[in-house]
Amino acid sequence: MKALDEYLDAVGTWLPAAQRADIVAEPGEDLRSEIKERESSLGRALSDDELLALLQRRGHPMWVAESYLPKRQLIGPAMLPLYFRALKVACAVLAAIFGVLMLAFTVFVKGASPELAQPRFWIWQLGLWSFAYVGLFTTIFALVERRQLHARAADACDPRAPRALPSMPTDDETRSRSWRPIWWRSRGGWLRAASWRPSSASC
Amino acid sequence: VNADLFENLRLELRRGCVVIAVLAALGTERYGYTLRKFLIERGLEIDEGTLYPLLRRLESQGLLASEWREEDKRRKRFCRRSDTGGQVLGRLLDEWRSLDASLGAILSSEGGER
């Protein structure tokens with residue numbers, strides 16, 4: 001039964017320490033019951049190969065452990081489109097800024113340091129800044145998601161409470177905003193949507 | 001029909017039925033392996049990776065009660081449906097029958113399922 005113990009140990013390594021023994025006992029007992037039943041129907045002990053085949057049928061220890069764990073995600077499906085939009089806008093703005101800087105230093109500015117005149121310097125900088133922005137946006141959205149999850153876990157909200165939902169703009173407000181670029185207009189909506197949570201007064 | 005698509009829809013359809021089957025089967029006290037065998041023998045294939053997490057979830061929702069006991073020199077977790085589980089099962093069965101009747105009516109008015 002060394003293979004069985006090793007298999008169960010491997011399942012345990014993917015589980016939180018506090019629940020490990022309790023959870024591992026379940027597939028362990030199920031496997032022992034199945035082994036015992038097979039052995040009594042065969043009238044002999046299972047061979048190593050038969051035992052390994054049985055363990056293989058149960059699947060990789062990581063997937064076995066995963067089935068016991070709560071499903072968690074850094075950014076949920078509701079926030080994901082917003083996250084991608086924010087990333088696209090940030091990357092486009094960064095690409096525009098670094099594109100202009102690259103053009104300026106490689107074509108127009110004379111006497112700058114030779115390093116700044118190399119396009120690959122600006123491409124490298126763009127890569128670094130994009131990487132940093134992806135990290136920053138991911139962290140912000142993950143925190144908002146976490147906050148939203150806590151809010152959802154609270155008591156049900158009363159949607160009739162005026163503070164619970166973002167207010168609708170009046171016709172005048174809509175007209176006065178119509179000249180603003182789309183990304184600017186939607187920014188307020190993004191922030192409201194991202195930061196909305198049921199107010200403690202209404203829930 | 002795409003096999004993955006059909007498999008996903010089939011699993012979705014089965015999910016609620018498995019809960020009903022488990023709650024119904026646990027009117028009698030059973031441990032995991034015997035429960036799985038009981039369901040399989042009656043045509044409901046269920047793997048360990050689905051059954052045991054489901055039992056934990058139902059217990060955390062107060063629909064089952066369980067305890068670890070020794071039997072045949074091995075510790076086993078015996079489960080049984082709670083009173084709340086019994087009430088929920090009754091309501092789920094009503095819902096299932098109502099859905100079945102509605103589906104029957106829809107399918108017959110459409111002249112069969114194809």
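None of the values given here were measured: they were computed from a predicted structure. Chain letters run A, B, ... following the sequence lines, proteins first, then strands; residues in each count from 1.
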Checklist line | Region of A:Ile23 that comes under 4.5 Å of a non-hydrogen atom in chain B | finding: both
Note to self: Given heavy-atom pairs under 4.5 angstrom as the criterion, report whether the side chain, backbone, both or neither of A:Glu37 touches chain B.
What the structure shows: side chain
Checklist line | Among the listed options B:Arg36, B:Lys37, B:Glu48, the residue most often paired with chain A at heavy-atom distances under 4.5 Å | finding: B:Glu48
Nearest-0.5 Å distance that lies between atom [atom1] in [X] and atom [atom2] in [Y]:
X	Y	atom1	atom2	result
A:Glu145	A:Arg72	CD	CZ	13.0 Å
B:Arg30	B:Lys76	CZ	NZ	14.0 Å
B:Thr50	B:Leu39	OG1	CG	11.5 Å

Checklist line | Passing option when A:Glu29 is tested against B:Arg74, B:Arg69, B:Arg75, B:Arg77 for salt bridge (Lys or Arg N to Asp or Glu O under 4.0 Å) | finding: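 Answer to the salt bridge (Lys or Arg N to Asp or Glu O under 4.0 Å) test with A:Glu29 among B:Arg74, B:Arg69, B:Arg75, B:Arg77: B:Arg74.
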Item checked: Side chain / backbone / both / neither for B:Asp47 at chain A, heavy atoms under 4.5 Å ->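 Neither part; nothing is under 4.5 Å.
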Next item on the list: Go through A:Pro70, A:Ser67, A:Gly28 and name the one with the most non-hydrogen pairs under 4.5 angstrom from chain B.
Entry: A:Ser67
Notebook entry, point to check: Once the angle between the rings of A:Trp122 and A:Phe98 is folded into 0 to 90°, is it parallel (under 30°), tilted (30 to 60°) or perpendicular (over 60°)?
Noted result: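 It falls in the tilted class, 30° to 60°.
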